[in-house]
Amino acid sequence: MAQYFEDISIDDILSVAEREHEAHSRFVQVLCINGEEGIDLVYSYQKTADQGYAVHNYRVHGVKPETHIPSVTKFYLVAFPFENEAHDLFGVQVDDIAIDFKGGFYKVAMDKPMTVISPAQKAAREKAAKLAAAKAASKAEAAAGEGAQAAAAIDWEAERAKVEAKCANLDADKAAKVMAAFEAKMKKAQAEAAKAADVKPAVDWEAERAKVEAKCANLPEDKAAKVMAAFEAKVRAAHGDASAKGGE
């Protein structure tokens, strides 16, 4: 029996259910998975005999606690236990369930019990988030530097020559205005480039710490402790230098 997987959006849930219903497919399940970015939902439908009873699985990624999704019970009433379960155990907000237990399908000791993760999983997710933030900060810093370099790299003498050539065909008053506008533009761009080159971007020490912690994860404990100690000393020195400049 063949299985197929396809990623869909929340907006596609009902149209897929309607299409499968019209094709006389059998509803199999709604599977919930506690993913990195939220709850992943997998809607499974089994085709008819003439299609080899193939199972088509439609995945919706990263459903957040505040996100509402539509119930498919208008097409498949048998889906109501799965949708109530998704709500009670995973906290998925399902709207318009034909038979809605309003959070009482399961008697549980805590809210959304299937979203609980271990300390190790939590630490891994926090580490991944820090690394992602560090990469984003580095990328933004590099982009800012490239922008400053681009501004500084303009050949203003060549640009002046172009403007002067253009002004040769203009009357004296208009040519004077065009040249004045060019000179003002050039001075402003040069001043901004000089300022960007002179001012160093602020260091995101949390992002830097995340990088060092990631590096230390693969080191022996004693060596990792030394690396972290050196980093913390660097942070203190940088903060002290900034304080000293601020007091000048």
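- Between Y76 and E20, the side chains place no donor N or O within less than 3.5 Å of an acceptor N or O (distance only, hydrogens not considered).
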Under 3.5 Å, which donor-acceptor pairs do the side chains of residues 26-36 form with other protein atoms, sequence neighbours left out?
| residue | atom | partner | partner atom | Å |
| --- | --- | --- | --- | --- |
| R26 | NE | Q46 | OE1 | 3.2 |
| R26 | NH2 | Q46 | OE1 | 2.8 |
| Q29 | NE2 | S44 | OG | 3.4 |
| N34 | ND2 | T115 | O | 3.3 |
| E36 | OE1 | R125 | NE | 3.4 |

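- Residue M186 qualifies as enclosed at atom CE: its count of foreign heavy atoms under 6.0 Å is above 12.
- Taken to the nearest 0.5 Å, the CD1 atom of I97 stands 11.5 Å off from the CG atom of L77.
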Exercise answer: donor-acceptor pairs, residues 214-229 side-chain atoms, under 3.5 Å, sequence neighbours excluded:
none

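- For the pair Y106 and D88, the tightest heavy-atom approach, listed with the atom from each and the gap, is N-OD2, 3.0 Å.
- Residue-environment remark: CD (Q3) exceeds the threshold of 12 foreign heavy atoms within 6.0 Å.
- Listed here is the closest heavy atom pair of N84 and K102: OD1-N, 4.2 Å.
- Here the closest non-hydrogen pair linking H68 and I10 is O-CG2, 4.1 Å.
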Would E22 and R19 count as a salt bridge (Lys or Arg N to Asp or Glu O under 4.0 Å) here? Give the steps.
CA-CA 5 Å; E22 290 177 351; R19 185 177 72 231; over 6 Å; no

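- The NE2 atom of H21 lies 11.0 Å from the NZ atom of K74; values are rounded to the nearest 0.5 Å.
- Residues that satisfy the salt bridge (Lys or Arg N to Asp or Glu O under 4.0 Å) test with D96, not counting sequence neighbours, are absent from this structure.
- Within the 3.5 Å criterion, the main-chain N or O of K211 finds no donor-acceptor partner in the side chain of K130.
- Within 6.0 Å of the OH atom in Y53, the count of heavy atoms belonging to other residues, nucleotides or ligands does not exceed 12.
- With values rounded to the nearest 0.5 angstrom, L41 atom CG is found 12.5 Å from N57 atom CG.
- Side-chain atoms of E83 come within 3.5 Å of backbone atoms of V72 as a donor-acceptor pair (strictly under, hydrogens ignored).
- Contact detail for S71 and L14: the closest heavy-atom pair is O-CD2, 3.2 Å.
- A donor-acceptor contact under 3.5 angstrom links the side chains of D50 and T48, judged on distance only.
- Rounding to the nearest 0.5 Å gives a distance of 9.5 Å between CZ of R59 and CD of E6.
- The CZ atom of F182 sits 11.0 Å away from atom NZ of K187, with the distance rounded to the nearest 0.5 Å.
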